[in-house]
Novice: 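Take a look at this one; I'll ask things after.
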Amino acid sequence: MRTNKVLGFIHLFRQLRKVMSEDNVQYKVNKPHKKSFLTTPFGRLIDDVSYMKLFFITFLVWLSVSIYFTIASYYGHGMNVKLADIDTLEVFLSAMYFAGVTLTTLGYGEISPLGFGRLVSVLTAVSGLTVIAVLIAKISSERQSSILLLLHTSDIERRMSEFVNNIDECMFLISKYEKSGEFDLLHKEIKGLRALVEIINKYMTFHINQSLFLEIGTEAAIKKLLLKLSECHKLIWSLREIAKANEKIESVTYGVSKKMCFIEVMLLAHNKAKGELLEKLDSGKLSFKHDVFTEWVKTTVTEKKIQQVLKSLPEVPRQSWPRHIHKEIARKLTLSNAVVIKCIDELKSRELC
């Protein structure tokens with residue numbers, strides 16, 4: 001099993017950059033991280049070349065060089081053959097023979113290149129040496145690569161399992177602190193969960209770009225982790241009533257939702273770029289759940305919004321407020337007019353304005 005196709009890499013390199021906005025999460029495939037101690041782009045290109053591709057490339061070079069020497073021989077830049085004594089087919093067969101012995105670097109010498117054909121012969125010989133070097137390297141390293149691939153697969157599955165266990169631990173503590181009403185500890189634990197989700201995101205992004213993360217049969221482990229994230233999101237969503245009254249918890253729960261959504265969107269983007277290797281990566285519906293959360297954040301009056309509106313109100317008596325001040329505040333805070341009006345009504349009931 002190999003990395004994605006050469007055209008796939010070109011597609012990856014040109015596409016893309018990450019875009020994350022406050023209310024929307026998008027992902028465009030990034031160029032792999034620059035890691036000098038890992039495989040170079042050329043190394044990844046060579047690793048992608050299968051035996052069939054290698055044979056096809058060799059045949060294409062051989063045929064192209066043969067056609068060149070067939071045509072160029074009539075203009076003094078091909079082979080030193082007596083064109084008057086042979087027909088075009090024999091010239092082509094001689095060109096195929098010459099291209100073959102040059103490509104394999106045998107070079108018997110009975111036919112030699114002329115003019116610009118000498119440069120083409122040199123490039124053909126270099127191509128032949130490269131093909132032979134790649135072929136020998138691939139054959140000699142195939143067994144070792146298979147063993148390393150098995151070890152890498154096992155390590156990824158182990159890490160995915162550890163992430164699932166870590167999420168379970170966070171969910172247990174979050175549920176515990178929610179029931180006990182220890183909101184400071186609850187906030188701290190959700191922050192820890194957010195950090196964990198960020199670690200998972202960076203781990204996946206790195207290995208998608210630098211190794212065969214989507215190609216090596218870890219589909220079950222990836223889907224298990226995504227389903228666990230979906231289960232965790234359900235728990236985070238259940239905290240929205242607490243978040244309404246607690247500014248810090250609102251911010252951190254929404255942040256966790258956003259990062260979970262980003263993992264799913266990132267995986268879907270890379271999976272599509274690599275030819276839909278895995279199916280149903282969106283079974284956890286993290287993007288949909290984040291959209292629902294975003295809509296709730298936009299339309300619900302929370303303590304965070306109340307405090308933002310309070311800070312935006314002019315420090316003058318209500319009677320001196322400009323007309324339609326709620327519209328100005330709504331534009332400034334990117335909130336709806338209805339939400340700002342409700343926040344102002346809540347501030348009035350608290351006698352804070």
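What you are looking at is a predicted structure, and each value in this text was computed from that prediction instead of being measured.
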Novice: Answer with yes or no whether the hydrophobic clustering places M160 together with L151; edges join I, L, V, M, F, W, Y residues whose side-chain heavy atoms lie under 4.5 Å apart.
Specialist: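 M160 and L151: separate clusters.
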Novice: How about K244 and T300: does a side-chain donor come under 3.5 Å of a side-chain acceptor?
Specialist: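 No, no side-chain donor-acceptor contact under 3.5 Å.
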Novice: Would you say M79 and L63 are hydrophobically clustered, going by side-chain heavy atoms of ILVMFWY under 4.5 Å?
Specialist: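 Same cluster: M79 reaches L63 through Ile, Leu, Val, Met, Phe, Trp or Tyr contacts under 4.5 Å.
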Novice: Decide yes or no for I208 and L267: does some side-chain heavy atom of the first lie under 4.5 Å from some side-chain heavy atom of the second?
Specialist: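 Yes, at least one pair of side-chain atoms sits under 4.5 Å.
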Novice: So which heavy atom on F69 is nearest to which on A95, and how close?
Specialist: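 Nearest heavy atoms, F69 then A95: CB-CB, 3.9 Å.
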Novice: What's the spacing between L106 CG and F98 CZ if we round to 0.5 Å?
Specialist: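 Answer rounded to 0.5 Å: 12.0 Å.
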Novice: For E162, does its backbone N or O pair with a side-chain atom of N166 as donor and acceptor, under 3.5 Å?
Specialist: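 Yes, because the side chain of N166 sits within donor-acceptor range (under 3.5 Å) of the backbone of E162.
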Novice: Before accepting this row, confirm whether a basic side-chain N of the pair K342/D345 lies closer than 4.0 Å to the acidic partner's carboxylate O.
Specialist: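 Looking at D345 together with K342, the answer is no, because their closest N to O distance does not fall below 4.0 Å.
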Novice: Is it the case that the side chain of T58 and the backbone of L54 share a donor-acceptor pair, with hydrogens and angles ignored and the cut-off at 3.5 Å?
Specialist: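 Yes: the side chain of T58 pairs with the backbone of L54.
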Novice: Report yes if some heavy atom in the side chain of T253 is under 4.5 Å from a heavy atom in the side chain of W237; otherwise report no.
Specialist: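 No; the side chains remain at least 4.5 Å from each other.
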Novice: Counting heavy atoms not belonging to E328, are there more than 12 under 6.0 Å from its CD?
Specialist: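 Atom CD in E328 is not crowded, with 12 or fewer foreign heavy atoms closer than 6.0 Å.
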Novice: Less than 6.0 angstrom separating the ring centers of H233 and H290, yes or no?
Specialist: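 That pair fails the under 6.0 Å test.
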Novice: Please check if the side chain of T218 supplies one atom and the backbone of F213 the other of a donor-acceptor pair under 3.5 Å.
Specialist: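 Answer holds: yes.
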Novice: Ignoring hydrogens and angles, write down the donor-acceptor pairs under 3.5 Å from the side chains of residues 115-129, residues two or more places apart or on other chains.
Specialist:
unit_1 : atom_1 : unit_2 : atom_2 : d
R118   : NE     : G115   : O      : 3.3
S121   : OG     : G117   : O      : 2.9
T124   : OG1    : V120   : O      : 2.7
S127   : OG     : L123   : O      : 2.9

Novice: Quick one: hydrophobic cluster around I132, which other residues, with the 4.5 Å side-chain cut-off, linked directly or via members?
Specialist: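 I132 shares its hydrophobic cluster with I136.
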Novice: Taking atom OG1 of T334 and atom CD of Q308, what is their separation to the nearest 0.5 Å?
Specialist: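 Answer rounded to 0.5 Å: 8.0 Å.
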Novice: Residues two or more places apart in sequence or in another chain: which of them pass side-chain hydrogen bond (donor to acceptor under 3.5 Å, both in side chains) with Y97?
Specialist: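 In terms of side-chain hydrogen bond (donor to acceptor under 3.5 Å, both in side chains), with neighbours along the sequence ignored, Y97 is linked to E110.
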Novice: Sequence neighbours excluded, which residues qualify as side-chain hydrogen bond (donor to acceptor under 3.5 Å, both in side chains) partners of S287?
Specialist: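 Partners of S287 by the side-chain hydrogen bond (donor to acceptor under 3.5 Å, both in side chains) criterion, ordered by chain and then number, come out as E264.
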Novice: What distance separates E303 CD from K248 NZ, expressed to the nearest 0.5 Å?
Specialist: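 Between E303 CD and K248 NZ, I get 12.5 Å after rounding to 0.5 Å.
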Novice: Between F55 and F59, what is the ring plane arrangement, given parallel below 30°, perpendicular above 60°, and tilted in between?
Specialist: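 Correct class here is parallel.
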Novice: With sequence neighbours excluded, what pairs up with T302 under the side-chain hydrogen bond (donor to acceptor under 3.5 Å, both in side chains) test?
Specialist: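 Once residues adjacent in sequence are excluded, the partners of T302 under the side-chain hydrogen bond (donor to acceptor under 3.5 Å, both in side chains) criterion are E250.
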Novice: Between V81 and E90, is there a side-chain heavy-atom distance shorter than 4.5 Å?
Specialist: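 Answer no - side chains too far apart.
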Novice: To the nearest 0.5 Å, tell me how far I190 CD1 sits from I236 CD1.
Specialist: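 The CD1 atom of I190 sits 5.0 Å away from the CD1 atom of I236.
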Novice: Under 4.5 Å between side-chain heavy atoms, hopping through other hydrophobics if needed: is there a path connecting F293 to F288?
Specialist: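 Same cluster.
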Novice: Please tabulate, for side-chain N and O atoms in residues 171-184, each donor-acceptor pair with protein atoms closer than 3.5 Å (sequence neighbours left out).
Specialist:
unit_1 : atom_1 : unit_2 : atom_2 : d
S175   : OG     : M171   : O      : 3.0
S180   : OG     : K176   : O      : 3.2
S180   : OG     : Y177   : O      : 3.3
S180   : OG     : E182   : OE2    : 2.7

Novice: Side-chain contact test, heavy atoms from C-beta onward, threshold under 4.5 Å: evaluate it for N209 versus T205 and give yes or no.
Specialist: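 Side chain of N209 against side chain of T205, heavy atoms only: contact under 4.5 Å found.
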Novice: Keeping the roles fixed (side chain from N80, backbone from S112), state whether a donor-acceptor pair exists under 3.5 Å.
Specialist: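 Pair found, side chain donor or acceptor close to backbone of S112.
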Novice: If you measure from CD1 on I57 to OG1 on T130, what distance do you get to the nearest 0.5 Å?
Specialist: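 The OG1 atom of T130 is 11.0 Å from CD1 of I57, to the nearest 0.5 Å.
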Novice: Spell out, as yes or no, whether a donor-acceptor pair under 3.5 Å connects the side chain of S238 to the backbone of L235.
Specialist: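 Present.
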Novice: Does I200 reach the side chain of I167, with side-chain heavy atoms less than 4.5 Å apart?
Specialist: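 Side-chain contact under 4.5 Å: yes.
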Novice: Under 4.5 Å between any side-chain heavy atoms of L347 and V309, yes or no?
Specialist: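 A side-chain contact exists here, since the closest heavy-atom pair is under 4.5 Å.
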Novice: Taking I86 as the starting point, is it possible to reach I67 by hopping between hydrophobic residues whose side chains are less than 4.5 Å apart?
Specialist: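 They do share one cluster, since a chain of ILVMFWY contacts under 4.5 Å joins I67 to I86.
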Novice: Whether the S283 and K223 side chains hold a donor-acceptor pair (N or O, under 3.5 Å, no angle test) is what I'd like checked.
Specialist: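 Short answer, no.
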Novice: Hey, could you give me the CG/CG distance between L239 and L186, rounded to the nearest 0.5 Å?
Specialist: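 One gets 6.0 Å once the value is rounded to the nearest 0.5 Å.
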Novice: Do the side chains of L286 and L229 get nearer than 4.5 Å, heavy atoms only?
Specialist: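 L229 vs L286: side chains touch.
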Novice: For a 4.5 angstrom cut-off between non-hydrogen side-chain atoms, does E198 reach F262?
Specialist: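 Heavy-atom side-chain distance check fails, nothing below 4.5 Å.
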Novice: Taking CD in E276 as the centre, count heavy atoms belonging to other residues, nucleotides or ligands within less than 6.0 Å. Is the count above 12?
Specialist: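 Counting neighbours around CD of E276, more than 12 heavy atoms of other residues, nucleotides or ligands fall under 6.0 Å, so yes.
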